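Both counts, for ligands and for their atoms, begin at 1 and track the order of listing. The model shown is predicted, which means the values in this text are computed figures rather than measured ones.
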Amino acid sequence: MSHKTKLAIFASGTGSNYDAIMAAINNGLLEAEVAILVCDRPNAAVIEKAKKKQTPIFSFDPKQYSAKADFEREIIQQLCVKGVEWIILAGYMRLIGQTLLNRYEGKIINIHPSLLPSFPGLDAIGQAIEAGVKLTGVTIHYVDAGMDTGQIIAQAPVTISEDMSKADLQSAIQKVEHQLYPTIIKQLINRGKQL
Ligand code: GRF
């Protein structure tokens with residue numbers, strides 16, 4: 001049996017990208033296993049999704065820790081037990097600190113709903129609408145200490161048409177995300193296998 005690359009998904013919200021990655025695994029596109037879901041909001045919808053799919057969950061409340069390094073050390077412990085090789089951020093609303101960056105250098109990626117370096121940070125979709133651009137999209141990038149500043153791996157465009165509401169644009173972007181993220185994860189882990 002070939003080795004299934006072990007992923008950790010970090011999410012804080014709805015978890016539609018978690019679902020898309022799980023679907024890609026289940027339909028055989030992606031030879032990987034989501035070994036753990038890490039969530040910093042114990043009431044997030046993604047937790048219910050992960051329970052249904054029997055993904056192990058580590059959820060924590062950052063307020064219970066005095067520093068980011070403390071909860072990141074605990075996350076690392078959980079990831080090590082599961083043998084996690086890659087960290088996939090999917091709507092994790094928190095900057096990754098030096099503790100995790102050092103341990104998983106070059107193995108943490110994020111998906112962001114704009115064509116970076118345009119519109120980093122919160123509400124990228126609202127920022128694009130506000131700026132009046134006609135083209136936005138999706139970026140997958142390596143994670144560094146900055147806010148959406150790491151090296152870009154892949155991008156895909158989404159056109160903003162005249163009659164589009166913010167909700168329309170969001171669903172057009174998410175549709176692209178759900179295709180692109182599993183595809184790029186597959187490429188990255190296959191590259192790792194060839195090394
Ligand atoms: C996605 O739009 C992603 O680009 C951003 O957060 C959102 C997460 O959505 N980083 P979901 O929780 O996967 O539905």
Is any side-chain heavy atom of Glu72 closer than 4.5 Å to one of Ile96?
yes
Kindly determine whether Asp123 and Lys166 satisfy salt bridge (charged side-chain N to carboxylate O under 4.0 Å, His left out), including the steps that lead there.
CA-CA 11 Å; Asp123 193 20; Lys166 188 175 174 186; 3.1 Å; yes
Per the under 4.0 Å non-hydrogen criterion, ligand 1 touches Thr14, Gly15, Ser16, Asn17, Gly91, Ile111, His112, Pro113, Gln174, Glu177
Shortest non-hydrogen separation from Leu115 to Gly137 and the atoms involved:
CG-N, 3.8 Å
Less than 4.0 angstrom from a charged side-chain N to a carboxylate O is my criterion; do Arg41 and Asp61 meet it?
no
Of all the heavy-atom pairs spanning His112 and Pro120, show the shortest one and how long it is.
NE2-CA, 3.7 Å
Run Asp168 and Ser165 through side chain to side chain donor-acceptor pair (under 3.5 Å) and show every step you take.
CA-CA 5 Å; Asp168 293 338; Ser165 67; 3.2 Å; yes
